[in-house]
Structure formats: structure tokens, C-alpha cells
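Hydrogens, waters and symmetry mates are skipped; everything else that's a heavy atom, side chains included, is used. Here is how names work: the chains are called A, B, and so on, in the same order as the sequence lines, proteins then strands, and each is numbered from 1.
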Amino acid sequence: MQYWLMKSEPETFGIDDLAACPKGTDHWDGVRNYQARNMMRDQMRAGDRVLFYHSNTKVPGIVGIAEVVREGYPDHTAFDPDAKYYDPKSDPDKPRWYMVDVKFVRKLKRTISLQELKEEHADALEDLPLLRRGNRLSIMPVTAQQWEYILGLES
DNA sequence: GCCAACGTTGGC
DNA sequence: GCCAACGTTGGC
């Protein structure tokens with residue numbers, strides 16, 4: 001089993017929105033970045049665990065846990081001219097963009113903020129892309145050690 | 001709202 | 001294939 005961190009803007013789709021979905025499950029559409037696409041298409045497996053991160057908000061940070069329940073498949077919103085992330089270059093016969101389905105597992109007891117993660121100055125977190133300067137990846141791998149460390153901060 | 005960092009686009 | 005221009009991300 002692998003671990004991931006996925007960013008979302010709470011204004012658009014936050015952890016509570018995921019929890020409110022039927023079966024707590026929704027597809028992670030709208031990713032239009034090749035690196036993130038590759039991870040969803042090629043690496044994410046059902047059962048993988050996900051740190052749900054709120055970005056572009058007052059207190060950015062990790063707010064919950066989700067689980068991958070469906071592996072990479074074409075992101076149909078790329079084919080829809082009315083969709084926000086429509087991409088005319090993505091062809092249903094040769095899809096450019098992929099998504100996975102994720103399921104709500106639980107909210108953290110408290111938000112583990114980006115600031116807090118930075119202030120840990122932990123060796124374990126040194127290589128976490130989230131903490132690297134200028135990082136813009138919306139999906140990133142998390143090692144088992146990083147996972148344990150981060151959740152160890154929760155209580 | 002600002003702006004640094006980064007990815008993508010497109011002219012050459 | 002280079003690289004300037006542009007658009008987006010996302011913390012602050």
C-alpha cells in the first residue's frame with residue numbers, strides 16, 4: 001500500500017464535501033498537470049491512503065484522510081466544452097487526463113497546518129514535496145515514515 | 001490582492 | 001530545441 005497527499009481548495013471541494021458525497025466517494029477530476037496525471041494513471045492503487053490537504057485558504061494544511069477506491073480512468077470532464085477544465089486536446093479515444101475515485105475515511109481531530117509541518121524541521125519530512133520551495137504539485141507521494149510522522153502530530 | 005515559482009505555449 | 005511570454009498555483 002502506498003500513501004499520497006492530495007490538495008484541494010476547500011472553497012471548491014473540501015473534506016466536508018467529500019464526506020457528504022454518496023458513500024463518501026467522488027472522482028478526483030480536473031487535474032491538468034502531467035506529473036499528477038501520471039501518478040493517478042500509473043501508480044495509485046485501490047486501498048492506497050491519502051492525506052487530504054486544503055490549499056489556497058486561510059490556514060492551509062492537512063484536514064483528513066481518504067482512500068483510493070478506483071484506479072486511474074479517463075477524466076470525462078476534459079471532454080465537456082462546458083466544464084471548467086475542458087481540454088479540446090483530450091480525445092475520448094485517446095484521453096489525455098485521468099482521475100481516480102477517492103473515499104472519505106475520517107477527518108483529523110485538528111488541522112495539521114502547513115506552518116506546523118514546516119516548523120517541525122523534521123528529518124522525516126525533509127523530502128516531502130509539499131515543504132519544498134515553490135512546490136506546486138497537487139498530488140504527491142508520501143512515504144510510510146512521513147505518513148506516520150504527520151499523523152503522530154495529530155494528538 | 002500581491003507576487004514568486006513554475007509549467008506550458010508558440011515563434012523562431 | 002531554445003527561450004520569452006503568458007497563465008496558474010498557492011502561500012502570505
Side-chain angles (χ1 to χ4, degrees), chain A residues 2-21 26-44 48-68 72-102 104-143 145-147 149-154:
Chain A
Q2 301 174 95
Y3 302 99
W4 306 93
L5 182 146
M6 298 173 89
K7 293 180 189 171
S8 189
E9 299 187 12
E11 299 276 306
T12 309
F13 188 83
I15 187 76
D16 291 328
D17 295 307
L18 181 63
C21 287
D26 203 7
H27 47 259
W28 202 268
D29 61 276
V31 172
R32 300 289 180 266
N33 168 281
Y34 288 106
Q35 251 185 294
R37 186 278 311 267
N38 292 346
M39 287 186 265
M40 290 202 290
R41 189 189 59 187
D42 307 331
Q43 293 181 253
M44 295 178 90
D48 285 358
R49 291 275 156 148
V50 176
L51 295 171
F52 198 112
Y53 179 90
H54 279 176
S55 68
N56 227 336
T57 189
K58 201 169 175 183
V59 182
I62 296 160
V63 295
I65 295 174
E67 178 185 345
V68 177
Y73 63 106
D75 180 346
H76 57 78
T77 66
F79 310 138
D80 177 2
D82 296 327
K84 185 177 176 192
Y85 294 106
Y86 172 59
D87 181 357
K89 292 178 196 153
S90 187
D91 182 332
D93 291 330
K94 204 166 181 271
R96 175 178 290 200
W97 304 113
Y98 283 72
M99 59 188 179
V100 296
D101 285 357
V102 296
F104 174 80
V105 174
R106 70 176 178 91
K107 286 173 77 164
L108 299 191
K109 291 173 214 154
R110 63 184 189 85
T111 297
I112 299 173
S113 70
L114 177 63
Q115 184 187 5
E116 179 178 354
L117 291 172
K118 283 181 175 169
E119 286 173 352
E120 284 289 313
H121 298 294
D123 290 341
L125 302 182
E126 197 182 355
D127 293 324
L128 187 67
L130 184 73
L131 302 183
R132 302 214 95 120
R133 188 158 160 271
N135 159 69
R136 286 171 53 188
L137 256 191
S138 63
I139 299 176
M140 67 189 72
V142 172
T143 67
Q145 291 77 12
Q146 289 162 351
W147 178 274
Y149 188 95
I150 291 167
L151 291 183
L153 299 173
E154 185 182 4

Separation of atom CE in Met6(A) from atom P in dT9(C), rounded to whole Å: 15 Å
May I have the distance from Asn33(A) (atom CG) to dT8(B) (atom C1'), rounded to whole angstrom? 11 Å
Residues two or more places apart in sequence or in another chain: which of them pass ring-ring contact (aromatic ring centres under 6.0 Å, His included) with Phe52(A)? Trp28(A), His54(A)
Does Asp123(A) CG have over 12 foreign heavy atoms under 6.0 Å away? no
Could you state the CZ-C1' distance from Arg96(A) to dT8(B), rounded to the nearest angstrom? 10 Å
Every protein N/O within reach of nucleotides 2-7 of chain C N/O, cut-off under 3.5 Å:
none

Please work out which residues in residues 111-121 of chain A have a non-hydrogen atom less than 4.0 Å from an atom of DNA chain C and list them by number. Leu114(A), Lys118(A)
One pair to check against salt bridge (charged side-chain N to carboxylate O under 4.0 Å, His left out): Arg37(A) and Asp75(A). What are the steps and the verdict? CA-CA 10 Å; Arg37(A) 186 278 311 267; Asp75(A) 180 346; over 6 Å; no
More than 12 foreign heavy atoms under 6.0 Å from CD of Gln115(A): is that the case here? no
Tell me whether the side-chain N/O atoms of Lys7(A) come closer than 4.0 Å to OP1 or OP2 in dT9(C). no
Integer-rounded Å distance: dT9(C) P and Phe13(A) CZ: 17 Å
Residues two or more places apart in sequence or in another chain: which of them pass side-chain hydrogen bond (donor to acceptor under 3.5 Å, both in side chains) with Glu116(A)? Arg110(A)
With heavy atoms under 4.0 Å as the rule, sort Tyr85(A) into base, sugar-phosphate or nothing. nothing
Partner residues of Tyr86(A) under the ring-ring contact (aromatic ring centres under 6.0 Å, His included) criterion, sequence neighbours left out: none
Non-neighbouring partners of Tyr3(A) that pass ring-ring contact (aromatic ring centres under 6.0 Å, His included), sequence neighbours left out: Trp147(A)
Nearest-angstrom distance from the residue atom CG of Leu131(A) to C1' of dC12(C): 16 Å
Roughly, in whole Å, what's the span from CG in Asn56(A) to P in dT8(C)? 13 Å
With a 6.0 Å cut-off on the ring centroids, do Trp97(A) and Tyr73(A) count as close? no
Report the C-alpha separation of Arg32(A) and Asp87(A) in whole Å, then their side-chain angles, then the decisive distance to 0.1 Å, and conclude whether the salt bridge (charged side-chain N to carboxylate O under 4.0 Å, His left out) test is met. CA-CA 9 Å; Arg32(A) 300 289 180 266; Asp87(A) 181 357; 5.4 Å; no
Is the shortest side-chain N/O distance from Lys89(A) to OP1 or OP2 of dT9(B) below 4.0 Å? yes
Once you round it to whole Å, what is the distance between P of dT9(C) and CD of Glu11(A)? 15 Å
